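Below: the structure, in structure tokens.
Keep in mind that what you see is a predicted model, and the values were worked out from it rather than measured. Per chain, numbering begins at 1; letters A, B, ... match sequence-line order.
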2 protein chains.
Amino acid sequence: MNDDTTQERILQAAGEQFASQGYDQATIRGICQQAGVNLAAVNYYFGDKERLYIEAVKHARRLREKQAPLPAWTESTPPQEKLAQFVLTLLQRMLCEPGDPWQTRLIMREIMEPTKACEEMVHEAFQPFFQILNDILSEMMPSGTATHVIHQWALSVIGQCFYYRANAKILTMLIEEEELRSEFSIDQLSAHITNVILRGLGYCPPLSSETPVAAMRRGR
Amino acid sequence: MNDDTTQERILQAAGEQFASQGYDQATIRGICQQAGVNLAAVNYYFGDKERLYIEAVKHARRLREKQAPLPAWTESTPPQEKLAQFVLTLLQRMLCEPGDPWQTRLIMREIMEPTKACEEMVHEAFQPFFQILNDILSEMMPSGTATHVIHQWALSVIGQCFYYRANAKILTMLIEEEELRSEFSIDQLSAHITNVILRGLGYCPPLSSETPVAAMRRGR
DNA sequence: TCGCAATTAAAACGTGCGTTTAAAACGATT
DNA sequence: AATCGTTTTAAACGCACGTTTTAATTGCGA
């Protein structure tokens, strides 16, 4: 609640350092220096480096969730619109625009190399989020569709979004900078990904990825 | 060429250790012990830890590429079939079946957190692979389709495959073990992903993800 | 068999880190 | 003002690691 306690300043500094340097390269000395607190404060408040890391991850996830919440839907919101907004929110959380995406960097590390901090993250955030997506998709598919098919489509949605975050650095080597800047904004990617899924499910907006979903979004 | 020199044994051990422990946690002592060579051999052959790491990454990529090559296509091979086989090969490389996937683990680390070892990997492997996929897709789309649209569809293919590797640990927390075992084999995932793209592009196999592409693959 | 270069071996060095300790400063309560 | 629990401070410890050094061993051509 209080925002300038010693604990909070350590958590903030630790998050940034762990995100940019990784668990091993980030040092307690560096974190404490950035936080402007004494070296022993970490031991005093968190016990050791590992427990500090776990708390920093939780802290990052809470922050991130507040910054890009899902919109509220009514019962009459059509599933296509929900899907489009879901994809947009997911991309916003992952690409963390605007500002420094240190929270997401930390979370990405945890996804690829899960530690003890992972379990809380999955149960508090990923599970419910995944469930919402499954519900949207099952509305759009024939009733009686097998669970694993719905799951596979859901993972197709998440996978496409995830890729742009995880491979951000590689992307700049595969695609020219100018093209990335003009054609790969969050809105454009969101429109394309939604489009792939909609067309795959038999809803058929035109092949060109931009206009239809962007228009749908404007209408919310 | 020779397979049991000191250098080769160090490279092998280094690959496994870097993959399973990460760059920092892997120790030169541990690598040399596993390789059965003296501690100073790393300095003698590779100079320092960083250069050893770079060589280990290159070594891993070369190994992996030989283990799952793309099939040879003739001019009459239909693009749908090429796409299906491309997806299958990509999944095989990423999920590294059968055997211990240490090569892929190493490469994944490098993708998410590129170091100096990355550039070689992108130019020698990712660029050409990405180009092949773009060629296949442009065959399947209206001529004159904008480059960035083709790129986006290509990334949709790669993104879906990538996800299953990068989030393997998380997946086991989102989906029950039994379902994963029976419905998420490489063949089944490959069929689903190919299906999403084919349907998205206007080729329309039925929604159920299994049969059509599996059948197509049997016919090669 | 000698000599020379390439390789392997054992031991030590220096450093940076996580952690601990013990004392000092602070703040509320009486 | 005195006391006592809480928080902050400065300094040190101990250890594991990357790297270096120096010596021993090997392999081979003359």
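Note: His151(A) and Phe130(A) have tilted aromatic rings, judged against thresholds of 30 and 60 degrees for the angle between ring planes. In this structure, Phe184(B) and Tyr164(B) have tilted ring planes: the angle between them lies in the 30° to 60° band.
Across residues 37-48 of chain A, Leu39(A), Ala40(A), Asn43(A), Asp48(A) each have a non-hydrogen atom less than 4.0 Å from an atom of DNA chain C (numbered order).
Between Arg61(A) and Glu65(A) there is a salt bridge, since at least one side-chain N of the basic residue sits less than 4.0 Å from a carboxylate O of the acidic one. Taking the charged nitrogens against the carboxylate oxygens, Arg181(B) and Glu177(B) do have a contact shorter than 4.0 Å, which makes a salt bridge. With respect to the salt-bridge test (charged N to carboxylate O, under 4.0 angstrom), the residues Lys58(B) and Glu124(B) do not qualify.
Helix bend of the helix from dT1(C)-dA30(D) to dT30(C)-dA1(D): the angle between its two end axes, each built from five pairs, comes to 10° after rounding to 10°.
Distance alone, capped at 3.5 Å, places no donor-acceptor pair between the Lys116(A) side chain and the Arg51(A) backbone.
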Next item on the list: Please lay out, stage by stage, how Thr5(A) and Glu8(A) fare under the test side-chain hydrogen bond (donor to acceptor under 3.5 Å, both in side chains).
Entry: CA-CA 5 Å; Thr5(A) 69; Glu8(A) 284 289 334; 5.3 Å; no
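Note that CG of Leu106(B) is 12.5 Å distant from CZ of Arg64(B), once rounded to the nearest 0.5 Å. Taking CG from Leu171(B) and CD from Glu179(B), the interatomic distance works out to 10.0 Å, rounded to the nearest 0.5 Å.
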Acceptor/donor pairs from residues 35-44 of chain B side chains to any protein atom, 3.5 angstrom cut, sequence neighbours excluded:
| residue | atom | partner | partner atom | Å |
| --- | --- | --- | --- | --- |
| Asn38(B) | OD1 | Ala40(B) | N | 2.9 |
| Asn43(B) | ND2 | Gly47(B) | O | 3.0 |

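Taking Glu110(B) as the reference, Tyr53(B), Thr115(B) meet the side-chain hydrogen bond (donor to acceptor under 3.5 Å, both in side chains) condition, with sequence neighbours excluded.
In this model, no donor atom of one side chain and acceptor atom of the other lie less than 3.5 Å apart for Gln12(A) and Arg9(A).
Nucleotides of DNA chain C that come within less than 4.0 Å of any heavy atom of chain A span, from the 5' end to the 3' end, dC17(C) to dT21(C). From the 5' end on, the contacts that DNA chain D makes with chain A at under 4.0 Å to a non-hydrogen atom open and close at dT6(D) to dA12(D).
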